[in-house]
Structures are given as structure tokens and as C-alpha cells.
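Whatever order the structure lists them in is the order used to number ligands and atoms, beginning at 1. Keep in mind that what you see is a predicted model, and the values were worked out from it rather than measured.
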Amino acid sequence: MLFDAGLGDLFVVRTAGGCVDAAVTGSLEFAVTTLGVSLIVVLSHEECGAIGAAVSSFEEGDLPSDLTRVFVEKIAPSVIRAKRDGHEERSAIEEIHAAETAEHLVHRIPPVQARIADGSLGVVAARYRLEDGRVTSVEEHFAG
Ligand SMILES: [Zn+2]
């Protein structure tokens, strides 16, 4: 229910906390090289529970022993970056996580990097507000 998109308009790769693993990078590489997708949107959202778990773990110095640990490990770099830059608000951490994830995709998926360079692909980090459904762009990767 986003961007007025109909069935089949979007190729959606969805994980808790927007965590990236080999299946995610492989899916995005497929979308870019085979499906000819021209825009990747890394969309974080308000009140993200996975990001909340990572922030709590960081602040309390306590790593969870259950399955949420994988989210904490994947989101920790974003929490560290946010804290380093003086951001304590959840909204800022959610935006920074989207930006950090977008940069990760741009730098770690060679076809994504190549298609940005030739101007046929853009990567945007954004955050979705549950309250009013607004999407705010946080960072954009386009040629030039
Ligand atoms: Zn979430």
C-alpha cells in the first residue's frame, strides 16, 4: 500500500529491520540486472521494533540470546553511527539506518554501483511515518 503501486509494480525485498544478508543482496542484484529495476528504495519506518531492540541492546550493553540477536548485529553499525553523531532520537536512528543500509547496497553490489554510474539506476534511503503514511527521503544516490 505504497506509492500508489499496483500488483506487480514493485519488486519487494522485505526483512525485519531492513537487515541485509546474501539473499537480500542477491535479490536486489536480480532485480537490477534481470528485471531492469531503475530505482531501489530502502524504506525504514517509524517505531521499528528491530531498531528498537538494537538501540536497547546497545544502551543496556546486553546482547539478546534469542533470534532477535541477528537484527541487533545487523543494525548495530547504524546505532553506533547515530550515537557518534549525537543522535539519540529514534526517528533519527531510523533515518540513519536507512542511509547506512543504502550505502551498504551501493558499495557492496557491483551491478548497483555500475548502473548508478551510467545513470540508469537510483538508490534512495527513506523513512515511512506510520502516523500519516508520509515517506521522507533521507539520502539519494544518483549519477552526477
Ligand atoms: Zn521495523
Side-chain angles (χ1 to χ4, degrees), residues 1-116 120-143:
M1 298 296 286
L2 277 173
F3 310 124
D4 293 321
L7 282 176
D9 288 347
L10 303 178
F11 181 81
V12 179
V13 182
R14 189 169 187 171
T15 60
C19 293
V20 174
D21 63 8
V24 170
T25 55
S27 298
L28 292 173
E29 188 168 336
F30 171 76
V32 165
T33 60
T34 304
L35 303 178
V37 163
S38 58
L39 180 66
I40 294 173
V41 178
V42 177
L43 192 62
S44 73
H45 67 92
E46 186 173 24
E47 300 294 331
C48 180
I51 292 176
V55 171
S56 297
S57 181
F58 186 88
E59 289 174 348
E60 290 157 27
D62 186 28
L63 277 173
S65 55
D66 62 8
L67 286 172
T68 58
R69 181 173 173 135
V70 71
F71 312 131
V72 171
E73 289 174 352
K74 296 274 187 186
I75 297 167
S78 302
V79 177
I80 291 167
R81 177 174 160 186
K83 300 272 184 185
R84 182 201 65 198
D85 295 344
H87 297 290
E88 296 293 333
E89 332 79 68
R90 278 281 295 281
S91 58
I93 298 171
E94 288 160 358
E95 289 182 357
I96 287 166
H97 182 56
E100 184 76 21
T101 303
E103 285 166 28
H104 178 93
L105 300 177
V106 170
H107 294 123
R108 306 274 177 90
I109 308 176
V112 167
Q113 215 167 29
R115 289 212 31 222
I116 289 173
S120 63
L121 176 71
V123 176
V124 173
R127 177 170 173 269
Y128 177 80
R129 283 201 316 214
L130 299 174
E131 191 178 306
D132 55 12
R134 293 195 89 134
V135 172
T136 308
S137 174
V138 176
E139 186 175 283
E140 300 180 354
H141 299 265
F142 288 102

I need the minimum non-hydrogen distance between [X] and [Y], along with the two atoms involved.
| X | Y | result |
| --- | --- | --- |
| Val20 | Thr101 | CG2-CG2, 3.5 Å |
| Ser44 | Glu95 | OG-N, 4.3 Å |
| Glu94 | Glu46 | OE1-CA, 3.4 Å |
| Pro64 | Ser57 | CD-OG, 3.7 Å |

>> Which residue in the set Val123, Thr33, Thr25 passes side chain to side chain contact (heavy atoms under 4.5 Å, CB included) when paired with Val112?
In response: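 Between Val112 and the candidates, side chain to side chain contact (heavy atoms under 4.5 Å, CB included) is satisfied uniquely by Val123.
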>> Distances under 2.8 Å only: what protein N/O/S atoms are near the Zn ion (ligand 1), ordered by chain and residue?
In response: His45 NE2, Cys48 SG
> Under 6.0 Å from the CG atom of Leu39, do we count more than 12 heavy atoms belonging to anything else shown?
Replying inline: yes
